[in-house]
Structure formats: C-alpha cells, structure tokens
Amino acid sequence: KSYDHLFKIILIGDSSVGKSSIIFRYVDDLFHDSYVSTIGVDFKTKTINVNDNLLKLQIWDTAGQERFHSITYSYYRSAQAIVLVYDVTNANSFENISKWLRNVDEYAGEEKLKIIVGNKCDAEDLRAIPFEHGEKLAKKNNIEFIETSAKSNVNIDKLFRNLSKVLLEK
Ligand code: GTP
Ligand code: MG
C-alpha cells in the first residue's frame, strides 16, 4: 500500500457553483472559464502529506443537476467528509444549502464531517452573499465555513488540507 490512509471526500451543491472547478484546481492546478456540466458522478485522487502521514484523497465530484440527484445521493454514505458548495454570486445556490444539508441528513447515514464553501470569492463585483451570511449559516448548523476561488486559487489547498487534518484526528 502506497499510502497510510484513504479518505473519501464528496462535493455537493447546485449546478454551476464550481464543484468540478474546485477539484480541477486542487488536483491539476488548472482552471477553465468554460462550463462543462458534470454528468452523474466522477472522481479524482490526490496524495498529500499531513504530519508525516501519506493520505490518499479520493475526491468525488457530483452533478448539481436535478436529474442526477438519485444517483449522487447514493454516494453520500461512503464518504467521510461532505463539502457543501454554493456560489457567492448566486443567492439561490446559497438558499439551497439548507436543502442540501437536509439531503445529507437523510442519505449520508451516521454523522459526517461537513464544511460549507462559498466559491467564486474572486468575483467581488458580482457578490450576492456577504461573507458574514455564509459564516452565520455555518455557525447555526455547527459546521466549518470557508470562502474559495477556483479561478484565483484562493483557499483551495487550505480547504482540503484542513479537512484532511480533521479526518486524520478522528
Ligand atoms: P455542475 O457540474 O453542473 O454541478 O456544476 P459545477 O458545480 O461543477 O460547476 P463548474 O465547476 O463546472 O463551474 C461552473 C462555471 O463557473 C464555469 O464556467 C467555471 O469557469 C465558473 N467558475 C468555477 N469556479 C469559479 C471561481 O472560483 N470564480 C469564478 N469567477 N468562476 C468560477
Ligand atoms: Mg461539475
């Protein structure tokens, strides 16, 4: 075995919030402005070193589109961590986080590590959801919160590194 721990992390949230872009940035350090909607479920892996532990992260990408929901729900259970993503320029995607949280409660099984992510924080001029609103929603649900930009590579590494550290301590 070429690693000490295998962690499965799943990204969920509305269509076009940037789930695939976050993973693409993290694993391949690339970003595309064009939008290619994810079909069903996909994954990428990345091996990282945390406190002298080799961690293999299996990062699951899900389609935000409604028609794939029944497929994507079936993947929640096998994940150790669930990343709930909204787009800070899209109020609707933020309001839907509560819905995604309810789906997690219903389909993920036992209590999972969760984090709420406000993506596209580079787009300040288009921002619809202030940082504080994201923070408040996360606090209310007792979940960690971070804002990211896949485009400008803000907090992408930190997101996965922090999750990995918590999973390692479990
Ligand atoms: P589905 O697969 O349909 O669920 O969407 P998704 O959540 O995977 O979104 P995706 O990563 O495909 O990104 C959607 C669009 O947002 C693309 O045009 C991306 O270029 C853009 N985008 C993603 N992340 C960012 C970001 O951090 N900043 C900005 N400005 N645009 C972004
Ligand atoms: Mg996608």
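Predicted, not measured: the structure shown is a model, and the values here were computed from it. Every number for a ligand or one of its atoms is a count from 1 in the order of the listing. FYI, the numbering just counts along the sequence from 1.
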Would you mind running through ligand 1 and noting each atom that sits below 4.0 Å from a heavy atom of T38? 1 (P), 2 (O), 3 (O)
Residue selection (non-hydrogen contact nearest atom 19 (C) of ligand 1) among H32, R25, Q65: H32
Looking at F160, is K46 sitting on its ring face, NZ or CZ under 6.0 Å from the six-membered ring centre and within 45 degrees of the normal? no
Qualifying residues under side chain to side chain contact (heavy atoms under 4.5 Å, CB included), relative to H32, sequence neighbours excluded: F24, S34
Close-contact set for ligand 1 against G64 heavy atoms, below 4.0 Å: 1 (P), 4 (O)
Counting from 1 in the order shown, the ligand 1 atoms closer than 4.0 Å to a non-hydrogen atom of V17 are 7 (O), 9 (O)
Looking only at non-hydrogen atoms, which of F24, F68, Y86, Y35 approaches atom 17 (C) of ligand 1 most closely? Y35
Distance under 4.0 Å to a non-hydrogen atom of D122: what atoms of ligand 1 satisfy this? 26 (C), 27 (O), 28 (N), 29 (C), 30 (N)
So is F31 touching ligand 1 or not, going by heavy atoms under 4.0 Å? yes
Mind checking the OG1-CD1 spacing from T38 to I23? Nearest 0.5 Å is all I need. 7.5 Å
Distance under 4.0 Å to a non-hydrogen atom of D33: what atoms of ligand 1 satisfy this? 17 (C), 18 (O), 20 (O)
Please enumerate all residues that pass side chain to side chain donor-acceptor pair (under 3.5 Å) together with Q80, with sequence neighbours excluded. none
What protein N/O/S atoms sit under 2.8 Å from the Mg ion (ligand 2), by chain and number? S20 OG, T38 OG1
Would you call the rings of H69 and Y73 parallel, tilted or perpendicular, where under 30° means parallel and over 60° means perpendicular? tilted
Q65: which residues meet the side chain to side chain donor-acceptor pair (under 3.5 Å) condition with it, sequence neighbours left out? S37, R67
On the 0 to 90° scale, with breaks at 30° and 60°, tag the Y86-F145 ring pair as parallel, tilted or perpendicular. parallel
Taking only non-hydrogen atoms of K151 and a 4.0 Å limit, the atoms of ligand 1 in range are 26 (C), 27 (O), 28 (N), 29 (C), 30 (N)
